[in-house]
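These figures come from a predicted structure and were not determined experimentally.
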Amino acid sequence: MIFHLILVYLLISFVHVESKCIKDVDRYIDGTCFTFFNIPLNFTAAQEYCQHDTRLSAWSILAKVESNIQANWLAKIATTEFGMNSGYFWIGAYRETTYDNFKTMDGFYLRYQNFATMNPSMNFVAARTSDGKWYTLPEERKLPFVCSYNPTNVVQTAASAPTVFKSLKELFYL
């Protein structure tokens, strides 16, 4: 009987649920999947692209950045993906008027903020590639952008499962 339990345990351990982004080119950073688009669009067009691009899921939005880890890694990856050491890219934060608080594209007020400078007359947020800091820019400015979505749960065998880090901290302790 014990032998059977051990055998069942070993078989179950070979199949597990792995958090995974939809596309292999998407980046998994601290619990969220991000897709980089080197297509200069204004803020509204970038958000619409995230929502309607068939390569992404129907529930993707302009990047929802929720931690320093995400902000810093997005900036580092954007430098390479967009081919610019110094520049900006759209993320999913905005305010409806200059008197409102900033929100994410899914309608929640920001819990995390990484503003370096906030122009009181501008309502749309871009991140800078050199340091990940946020700036408010005019909506019509055309920039590359990053979309984000929650990872899907996919059942895979251990042999075919890709390496996905639950946290960037794991990168430094491997």
Review item, side-chain donor-acceptor pairs of residues 98-108, under 3.5 Å, at least two apart:
| residue | atom | partner | partner atom | Å |
| --- | --- | --- | --- | --- |
| Asp100 | OD2 | Thr97 | N | 3.1 |
| Asp100 | OD2 | Thr97 | OG1 | 3.2 |
| Lys103 | NZ | Glu96 | OE2 | 3.2 |
| Thr104 | OG1 | Asp106 | OD1 | 2.3 |
| Thr104 | OG1 | Phe108 | N | 3.4 |
| Thr104 | OG1 | Phe108 | O | 3.2 |
| Asp106 | OD2 | Lys64 | NZ | 2.8 |

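Partners of Tyr94 under the side chain to side chain donor-acceptor pair (under 3.5 Å) rule, at least two apart in sequence or in another chain, do not exist in this structure. Residues satisfying the side chain to side chain donor-acceptor pair (under 3.5 Å) criterion with Thr79, sequence neighbours excluded, are absent altogether. Annotation: salt bridge (charged side-chain N to carboxylate O under 4.0 Å, His left out) contacts of Arg95 (sequence neighbours excluded): none. Applying the side chain to side chain donor-acceptor pair (under 3.5 Å) rule to Ser121 yields the partners Asn119; only residues at least two apart in sequence or on another chain are considered. Applying the side chain to side chain contact (heavy atoms under 4.5 Å, CB included) test to Ala46 and every residue at least two apart in sequence or in another chain returns Leu41, Leu62, Trp90, Phe145. Ala78 pairs by the side chain to side chain contact (heavy atoms under 4.5 Å, CB included) definition with Phe36, Phe82, Phe89, Thr129, not counting sequence neighbours. Among residues two or more places apart in sequence or in another chain, the side chain to side chain donor-acceptor pair (under 3.5 Å) test is passed with Thr32 by Gln70. Evaluation of the side chain to side chain contact (heavy atoms under 4.5 Å, CB included) rule for Thr44 yields Asn42, Glu48, Glu139 as partners, not counting sequence neighbours.
Side-chain atoms of Ser130 do not come within 3.5 Å of backbone N or O of Ser86 as any donor-acceptor pair.
Val125 and Phe43 make their closest contact through O-CE1, 4.2 Å (heavy atoms, listed as atom of the first residue, atom of the second, distance). Minimum interatomic distance between Tyr149 and Ile22 (heavy atoms only, all atoms of both residues): OH-N, 2.7 Å. Listed here is the closest heavy atom pair of Ser148 and Ala63: OG-CA, 3.4 Å. Listed here is the closest heavy atom pair of Gly132 and Asn114: O-ND2, 2.8 Å. Contact record, Tyr88 with Leu143: O-CD2, 3.8 Å, taken as the closest heavy-atom pair. Residues Ala93 and Leu110 share a closest heavy-atom pair of CB-CD2, 4.1 Å.
Cluster annotation: Tyr112 is connected to Met118 through the hydrophobic network of ILVMFWY side chains, with a link wherever side-chain heavy atoms come within less than 4.5 Å.
Sorted by first and then second residue, the pairs that involve residues 73-89 and meet salt bridge (Lys or Arg N to Asp or Glu O under 4.0 Å), not counting sequence neighbours, are Arg27-Glu81. Identified under the salt bridge (Lys or Arg N to Asp or Glu O under 4.0 Å) test for residues 116-138, with sequence neighbours left out: Arg128-Asp131.
The CG atom of Asp26 lies 6.0 Å from the SG atom of Cys33; values are rounded to the nearest 0.5 Å. Taking SG of Cys147 as the start and OH of Tyr49 as the end, the distance is 8.5 Å to the nearest 0.5 Å.
For the pair Leu74 and Val65, the minimum side-chain heavy-atom distance is below 4.5 Å. Residues Val146 and Ile77 have side chains not in contact (no heavy-atom distance under 4.5 Å, counting atoms from C-beta outward).
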